[in-house]
Amino acid sequence: MDEWKPNPAIKPHKKRSWYLAWKYKLMNQRALRKLCQTGAVLFLLVTVIVNIKLILDTRRAAYEEEEESAQDYDDEMLNVEVPRHPVSNKKVLDVEVYSSRSKVYVAVDGTTVLEDEAREQGRGIHVIVLNQATGHVMAKRVFDTYSPHEDEAMVLFLNMVARGRILIFTIKDEGSFHLKDTAKNVLKSLGSQVAPFLSWRDMWTFVGKKGGEVYGEKHAKSPALSTWGDPVLLKTEVHLTSVEDAECRWPDTELNRRRKRFCSKVEGYGSVCSCKDPTPIEFNPDPLKDNKVFDVPVAVIAGNRPNYLYRMLRSLLSAQGVNPQMITVFIDGYYEEPMDVVELFGLSGIQHTPISIKNARVSQHYKASLTATFNLFPDAKFAVVLEEDLDISVDFFSFLSQSIHLLEEDESLYCVSAWNDQGYEHTAEDPSLLYRVETMPGLGWVLRKSLYKDELEPKWPTPEKLWDWDMWMRMPEQRKGRECIIPDISRSYHFGIVGLNMNGYFHEAYFKKHKFNTVPNVQLKNVESLRKDAYEAEIHRLLGEAEVLDHSKNPCEDSFVPDTEGRVYVMFIRMEQEADFTTWTQLAKCLHIWDLDVRGNHKGLWRLFRKKNHFLVVGVPASPYSSKKPSSVTPIYIEPPAKEEGAVAVPAVAAAEQT
Amino acid sequence: MQKINKNVVLALLSLTSLVFLLFQLYYYKFYLSQKNGAVFSKVRGSQSGQDSTRWHVVRKFLGLISSHNIPVYLIDPLILGLVDKDIEQIRSSPDGPSPECKYFCAPRDFTTFALLDKTWKHEMGLFRTAEKMGFQWLKIINKDPRLDGMDDLSGIEIPLHYIFKLASHAIHLVVFYERSGNYLWHGPLRLKQHMDRKFVPFRKLHFGRYPGAYEKPELLLVSIDDLKVQIPKNPSSFLEEMSHSRFLECRYREARAFFQLYPDDASLDAVEFRKKAKSLLHLAALTLNNLGVKFWLSSGTCLGWYRQCNVIPHSKDVDLGVFIKDYKADIIPAFQKAGLPLKHKFGKVEDSLELSFQGEDDVKLDIFFFYEEDDHIWNGGTQAKSGKKFKYLFPKFTLCWTEFVELKVHVPCETRQYVEANYGPDWKVPVKTWDWKSSPSNVQYNGVWPVNEWDDVIQIY
C-alpha cells in the first residue's frame with residue numbers, strides 16, 4: 001500500500017483484469033468499483049466514436065481523391081507539351097550528301113537538314129555539324145572559299161568544333177579557288193583524302209568524325225576549266241555514340257547544367273564548350289556604388305545572329321553594375337539558336353512573330369519589344385535599348401547612372417545615348433565629357449517611359465509603312481526639338497557586319513574606327529552643365545576661350561590644327577540656313593567621320609577632337625553662336641564635288657543602319 | 001464473481017478497442033502520407049499529430065525558402081483570421097515565445113504563402129533542396145498576361161503557383177506579379193493534361209479559382225508559434241481585399257478580331273483624345289480612391305474596355321458608375337480641388353443622380369449613380385431643357401478588377417450582360433451617332449421632374 005501510488009494516467013495493459021481483481025479484493029469499495037466500470041465504459045465509447053470518425057475521415061479522403069478531380073482547375077487548352085527535339089533511340093544515322101554546281105543538300109535519316117538551290121547564292125563549302133549522340137544539327141555554315149579569307153574563317157570554325165562531332169562537307173558551284181594549304185591540311189587532318197587535291201570546280205562531299213573515323217567521301221573532278229565536275233551523291237551510315245560519351249564531365253552545378261544543354265545543341269561558340277577549361281558564363285562584375293540604373297529594364301533587340309548575340313551578351317553581362325534580372329532579349333522570329341544563347345546565360349528571352357518585311361519588320365519588332373518591356377516592368381520610368389550587334393563598355397551602366405537623372409528632370413531631353421556618331425579614333429578623346437546633340441544616335445540608349453507611352457507608342461508607324469523606326473524617331477514631328485545626351489567616347493561599339501542595312505565595306509568605312517571606352521569607373525565631369533540653360537552658358541564659355549584657327553588654310557589638311565594638346569580651337573563654316581549642311585558634309589567627308597547624314601550637331605555647332613585638341617565647328621550665319629565670329633574671319637565654304645560614282649548612292653539606305 | 005466477470009469483459013473490450021484504434025491510426029497515417037509519416041509515429045492521438053505536422057511542415061518550408069533568400073509572406077486566410085484577433089498582442093511582442101501552437105496548428109489542408117516574382121531569380125536549386133528535405137512539389141505555369149495584350153509575342157510562360165507537399169500538409173505558394181497600374185496580380189490555377197490531379201485537393205485552395213488583383217501590401221515581420229514570418233501589416237484589410245479580389249483579363253483576342261474588322265483610328269485627333277481620356281481617368285480614379293468611393297467603368301468606357309481594350313476614340317467622354325450607397329457629399333469639392341469643375345448635376349441623391357465634370361479640352365467625366373432594386377439595378381438620366389427623366393435598367397452585377405489604360409479599375413464581372421443591356425446585341429458594331437435618350441436598349445421613360453424642383457435637380461454650370 002505504502003509503496004504503491006495510484007497513477008491516474010497509467011496505460012491500460014494486459015494485466016488489467018488481474019489488477020482490477022486485486023484492487024477489488026483489497027479495497028472492496030463500491031464507489032471505486034463503479035468508477036472503474038464507468039471509466040471502462042467511457043473509454044469504450046470514446047474508442048467507438050474515434051473509430052467511426054476515423055473511418056468516416058478515411059472514406060471521405062478517399063472519396064475526395066476519387067471524385068473531386070479538380071475539374072475547375074483544368075486548363076481549357078490541351079497543352080500537350082512536345083519536346084523540342086524528339087529523341088531518337090536509333091543507333092545508326094543514314095546520311096545523304098549531294099554536291100553539284102547548282103544544288104547541294106544534306107539529309108539525315110530522311111530529313112533534309114540543308115537544301116540550297118538558289119541561284120547566285122550559297123557558293124562554296126557548306127559545313128554541317130551533327131551531335132554524335134543524338135544526330136541533331138548543331139551548326140550550319142557556308143564558307144565561300146571561292147573568295148579570299150573565307151578559308152581562314154572555315155579553319156577557325158573547324159577548330160572550334162569539339163572533338164567527336166560529326167562533320168559533313170559539301171561544295172556548291174566552286175569551293176577551291178581561295179582554299180589555301182592551311183585549310184586543306186585541316187581538312188586532311190579530319191581524314192579527307194581528296195581535300196589536298198581539290199581543284200577548280202570539283203564537286204566534293206565528305207562525312208567524318210572530328211578526330212575520328214571517316215564515314216565517306218566522294219569526289220568528281222572537273223574535266224575542263226569551263227565545266228563543272230559531275231554531281232556527286234554520297235550515301236553513308238554514321239554510328240551514334242552514347243550521350244555520356246558526347247558530353248564533357250563538368251562538375252554538376254546549375255551553371256554547368258545550362259552549359260551542358262547549350263553545348264549539346266549548338267556548335268561554333270569556342271571555349272564555352274571546352275571540356276577542360278570552359279570559359280565562364282557568369283561574370284559577376286563589380287557592383288556600382290549608388291547605381292541609379294540597377295532597376296532599369298534592359299531590352300536587347302535581336303534577330304537571327306546568335307553569334308553576335310553571344311558576343312553582345314558576354315560584354316553586357318561583364319559591364320559593371322549590370323542587373324541580369326532586368327535584361328530581356330527580344331528575338332524577332334522563332335529562331336532556336338538565339339534562344340539557346342539567351343538560356344545559356346540564364347536570361348529571359350521572348351520570341352516575336354515577324355510582322356511585315358524589311359525595315360517595317362524591324363520597326364514592328366521594336367514596338368513590340370518596347371511595349372513588352374514596360375508591361376513586364378511596370379515600375380520602370382526608363383528602359384535601356386540595346387541591339388545584338390553591340391559591344392557594351394565596362395562603364396556603360398556607370399555612365400548611365402551618372403546621367404540618367406537629367407533625362408528625368410530636363411524636359412528638353414529626348415534620350416541618353418551611349419553612342420557618339422562622330423566619335424572616331426581620331427576625333428574623340430575625353431571619356432568624361434558629354435555633349436547635347438539634336439540627332440538621336442541610337443545604338444545603346446535610354447528611353448523615357450512617358451515619351452514612349454504618351455507620344456511614340458500611340459502613333460508608331462504601322463506595319464505597312466516601310467519606315468525605319470530610328471529615322472521616324474528623328475523626324476521633327478516626333479523629336480519636337482528635344483536633344484540627346486551623348487558621351488564623347490562611345491560606350492557601345494557596333495561590330496555587326498552582316499545586317500539589314502550593313503555590309504563589310506560599309507562597316508569598314510564607318511564603324512570599324514569608332515572609339516570605344518575601355519576604362520572602368522569613369523567619373524563624368526560637369527554633368528549638371530548638360531541641362532538646357534547651363535549647356536548654353538558652357539558653350540559660350542568654350543567659344544569665349546577658343547582660339548580661332550587660320551581660315552586661310554585648308555581645313556582638311558592636318559596642318560589646319562596646330563600641333564598642340566589640350567587647347568580649344570574654333571572654325572567657322574558657311575551655313576546659310578538651318579538645313580544647309582553643304583560645307584559640313586564636305587568637311588565630315590575629308591575628316592573621315594560620319595558624312596551620310598548630319599549627326600552630332602547642336603544649334604549649328606559641332607564638337608569633336610583633332611590632335612587631342614577640342615575642335616569646334618560653327619555654321620555661320622545659321623548658328624546662334626555666329627556672333628562669336630570675329631568680323632575679319634570669312635567662313636569656310638567647301639564646294640561639293642560634281643555627281644560622284646555609284647558608291648554614294650547607297651547612303652539613303654546605309655544611313656538607316658541601326659539594326 | 002459476477003462483478004469481476006463484468007470487469008474482465010469490460011477490460012477485454014477496452015483492450016480490443018485499443019488495438020483496433022491503433023490499427024486505425026496506423027492505417028490512417030499510411031493512407032494519407034505514403035512516404036513521410038515520420039512525424040506521425042512519434043505522436044499518439046490523431047489530432048495533436050496532425051497539428052504538429054502542420055507546424056513542422058510550415059517550419060521546414062520557411063527554413064527552405066530562407067536558405068535560398070526568398071522573401072515570402074503569409075496570406076493564408078485561415079491563419080490570418082486567427083492572427084487578426086490577436087494582432088495587437090502579436091505586434092507588440094514580436095519576439096516573445098508562444099506558450100502553445102495557436103495558429104500554425106489550426107486544422108486545415110494548406111498553408112498559403114505569397115511570393116513577389118521580382119524578388120527571386122527562379123533558381124532551380126530551391127527545388128532540389130526541397131526534394132532533399134522530402135517535399136514533393138508541383139509548379140503551375142501559364143501564359144504571361146502582361147504580354148497577352150500584344151500581338152505575336154510568345155515563348156513566355158510564367159510560374160503562377162507552386163505547391164510543396166510534405167506528409168499530410170501542403171504549402172501553396174502563390175506568385176504575385178507587378179502589373180501596369182501599380183498593383184499585384186496572381187494567376188488562376190489551371191492544371192494541364194499531364195498533371196497529377198490528385199496531388200492535393202485543389203478545390204480547397206484559397207487562391208487560384210480566379211486570378212486576383214491586390215494592392216501592394218505593407219509587410220510586418222512577426223513571430224507566431226515560434227516561427228518568424230512576414231504577414232500583411234493589416235491582416236483584416238487584406239482579408240477584406242481578398243474577398244473581392246477577382247480579376248478579369250481584358251479580352252485581347254476578341255479585341256484583335258475587332259480591330260481586324262474595324263481598323264483602329266490612328267489619326268492625331270484619336271491619339272490626342274485617348275491621351276486626354278487616359279489622364280482624366282487616372283485623375284478621377286485617384287480622386288475617388290482617396291475618398292474611398294468604389295466606382296466602375298460604365299457605358300462607353302466600359303464598352304471600350306470590353307470590346308477593344310482601349311478608349312473608344314469617338315466617345316468624347318469618360319463614364320463611371322458608382323453605387324448610390326457609396327455617394328459622398330465630398331465628391332464634388334474633391335473633383336473641383338483636382339481641377340475638374342462641376343459641369344452639371346442632374347437629379348438628387350434619392351433619385352436619378354448624375355454628375356458631370358469638365359476635364360481638359362472638352363473631355364467630360366460623367367459619374368452615374370446606380371440604384372439597387374430587388375431584381376435589377378438602374379441609373380437615371382435627365383433632359384435639361386424639358387425636365388424629362390429616363391431610367392436605364394441593368395441586370396444585377398458584382399464588381400471585378402481589371403486593368404485598363406495602366407490603371408487597376410472595377411468593371412461589372414458580368415460585363416457582357418451589362419454591355420448588352422446598355423448597347424443591345426449589336427454592341428460589337430461601332431456606332432458613331434449615339435443619342436443617350438433613345439439609342440440605349442435599356443432606356444425607359446421615367447416621367448418629368450416637377451417644375452418646382454428644377455432648380456435643384458437640373459444644375460448646369
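Chain identifiers are assigned alphabetically (A, B, ...) following the order of the sequence lines, protein sequences preceding nucleic acid strands; residue numbering begins at 1 within each chain.
- Proximity to chain A (any heavy atom under 4.5 Å) is restricted, for B:D144, to the side chain, taken from C-beta onward.
- Interface residue B:K118: backbone and side-chain heavy atoms are both found under 4.5 Å from chain A.
- Contacts between A:F374 and chain B at a heavy-atom distance below 4.5 Å involve the backbone alone (N, CA, C, O).
- Note: A:L376 CG to B:L147 CG = 4.5 Å, rounded to the nearest 0.5 Å.
- Residue A:K453 places its NZ atom among more than 12 non-hydrogen atoms of other residues, nucleotides or ligands, all under 6.0 Å distant.
- Identified by a heavy-atom distance below 4.5 Å to chain A, the contributing residues of residues 176-185 of chain B are B:E178, B:R179, B:S180, B:N182, in residue-number order.
- Looking at B:R274, neither its backbone nor its side chain comes within 4.5 Å of chain A, counting heavy atoms on both sides.
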Passes salt bridge (Lys or Arg N to Asp or Glu O under 4.0 Å), A:D379 versus B:K216? Steps please.
CA-CA 12 Å; A:D379 279 356; B:K216 291 180 191 169; 3.4 Å; yes
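- The nearest pair of heavy atoms linking A:K459 to B:V271 is CB-CG2, 4.5 Å.
- Expressed to the nearest 0.5 Å, how far CD of B:E406 lies from NZ of A:K449 amounts to 5.0 Å.
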